[in-house]
Amino acid sequence: MGWRRDIYVIDERVDWDAGPRGAFWGPFIALHTRGEATMRCAASMVENVLAALGPGERIGALRIVDHSTHAHAELGDDLLSTATFHRFARTLDGLTPHFASDGFVHLLGCQTGLNTCLLRRLARLWGVPVFAGRGETNGFELNYGGWVRVCPEGRFQGGVGWPRHA
């Protein structure tokens, strides 16, 4: 089975498109995490997460930090939505065999939890639960809108707390 490792993957670039409040969000979160992986796009996210895993390690929690809306999740410069999912599925599937049996994905972009169709596709692809916020979120367990969980079989649960291992 191997060791379980929790990984933050962060778009650390300054993003002026997110406005003055959100422009430095990624770099700010990066200051408060250790050993995070970075990303510029979906492919670099997968590559850097896999490079962060040591021998015998499995992904426990994958916390993806980037801006999002109810329509899409940003993965660096890539916009992942239900309409673009097919373009990124093969690349993202590279993570699938590396999740621990109790692994999960935690999307830390605002409003991503409103897009249950996208969350279901990701959970099905990776074979692990996917958590996301329905309101304004951040990387510090605060969420003004509540967390949701979507399981690989499609089951949806709202009002869950910050995801963590038991």
Side-chain angles (χ1 to χ4, degrees), residues 6-13 15-19 21-23 25-26 29 36-50 58-139 141-164:
D6 295 348
I7 299 173
Y8 274 82
V9 60
I10 302 173
D11 182 356
E12 292 183 321
R13 298 173 298 157
D15 185 358
W16 290 111
D17 291 338
R21 191 177 116 209
W25 187 60
I29 299 296
E36 74 274 352
T38 59
M39 68 176 152
R40 292 196 169 277
C41 62
S44 70
M45 179 188 81
V46 171
E47 180 180 313
N48 294 341
V49 166
L50 295 178
R58 296 275 182 219
I59 302 168
L62 178 61
R63 300 189 196 273
I64 301 173
V65 181
D66 206 342
H67 296 289
S68 295
T69 70
H70 67 282
H72 68 264
E74 291 183 23
L75 301 175
D77 288 331
D78 291 333
L79 300 181
L80 179 64
S81 68
T82 54
T84 64
F85 187 84
H86 67 282
R87 290 195 342 233
F88 302 108
R90 182 177 297 203
T91 298
L92 296 174
D93 189 41
L95 296 174
T96 302
H98 299 280
F99 282 99
S101 59
D102 61 347
F104 61 85
V105 174
H106 185 193
L107 300 172
L108 288 159
C110 296
Q111 301 178 357
T112 315
L114 296 170
N115 193 338
T116 54
C117 183
L118 178 60
L119 299 181
R120 281 189 172 103
R121 287 182 183 185
L122 288 170
R124 205 172 313 125
L125 176 75
W126 285 323
V128 297
V130 175
F131 293 80
R134 301 194 105 185
E136 300 294 316
T137 63
N138 60 54
E141 299 192 36
L142 300 174
N143 179 9
Y144 310 104
W147 300 106
V148 299
R149 174 179 54 214
V150 177
C151 295
E153 72 278 0
R155 188 170 28 103
F156 172 88
Q157 181 181 4
V160 300
W162 178 272
R164 60 183 85 245

(request) Hey, can you tell me if His106 and Trp162 have their rings parallel, tilted or perpendicular (30° and 60° cut-offs)? (result)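 The arrangement is perpendicular - the two ring planes meet at more than 60°.
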
Kindly say whether [Y] contributes a backbone atom to a donor-acceptor pair with the side chain of [X] at under 3.5 angstrom?
| X | Y | answer |
| --- | --- | --- |
| Asp78 | Ala42 | yes |
| Trp126 | Phe99 | no |
| Arg40 | Gly76 | no |
| Arg134 | Trp147 | no |
| His86 | Ala83 | yes |
| Asp93 | Ala89 | no |
| Thr96 | Leu125 | yes |
| Ser81 | Thr84 | yes |
| Asn115 | His70 | yes |

Return the minimal non-hydrogen interatomic distance between [X] and [Y], and the atom names on each side.
| X | Y | result |
| --- | --- | --- |
| Gly103 | Pro129 | O-CD, 3.5 Å |
| Asn48 | Ala37 | O-CB, 3.8 Å |
| Leu80 | Leu75 | CD2-CD1, 4.0 Å |
| Pro152 | Gly127 | CG-C, 3.4 Å |
| Ala100 | Gly60 | CB-CA, 4.5 Å |
| Thr112 | Ser68 | OG1-CB, 3.0 Å |

Do [X] and [Y] come within less than 4.5 Å of each other through their side chains, counting heavy atoms only?
| X | Y | value |
| --- | --- | --- |
| Tyr8 | Leu108 | yes |
| Asp11 | Asp77 | no |
| Leu95 | His98 | no |
| Arg63 | Val9 | no |

(message) Ile10 and side chain to side chain contact (heavy atoms under 4.5 Å, CB included): which single residue from Thr38, Ile64, Val65 fits?
(response)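 Result for side chain to side chain contact (heavy atoms under 4.5 Å, CB included) with Ile10: Val65.
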
(message) Checking side chain to side chain contact (heavy atoms under 4.5 Å, CB included) between Leu62 and each of Val49, Leu107, Val130, which is the one that passes?
(response)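 So the option named by the test is Val49.
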
(request) Given side-chain contact (heavy atoms from CB on, under 4.5 Å), test His72 with Leu118 step by step and report yes or no. (result) CA-CA 8 Å; His72 68 264; Leu118 178 60; 5.9 Å; no

(message) Is there a side-chain contact (heavy atoms from CB on, under 4.5 Å) between Phe131 and Leu119? Walk through the geometry before answering.
(response) CA-CA 8 Å; Phe131 293 80; Leu119 299 181; over 6 Å; no

(request) Measure the spacing between CD1 of Ile59 and CG of Leu50 and express it to the nearest 0.5 Å. (result)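 Between Ile59 CD1 and Leu50 CG, I get 6.5 Å after rounding to 0.5 Å.
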
(request) State the SG-CD distance between Cys110 and Glu74, to the nearest 0.5 angstrom. (result)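 If we round to the nearest 0.5 Å, Cys110:SG and Glu74:CD are 10.5 Å apart.
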
(request) Please step through side-chain contact (heavy atoms from CB on, under 4.5 Å) for the pair Val148 and Thr116, ending with a clear verdict. (result) CA-CA 9 Å; Val148 299; Thr116 54; 5.7 Å; no

(request) Before giving the answer on side-chain contact (heavy atoms from CB on, under 4.5 Å), spell out for Val128 and Val105 the whole-Å C-alpha distance, their side-chain angles and the decisive distance to 0.1 Å. (result) CA-CA 7 Å; Val128 297; Val105 174; 4.0 Å; yes

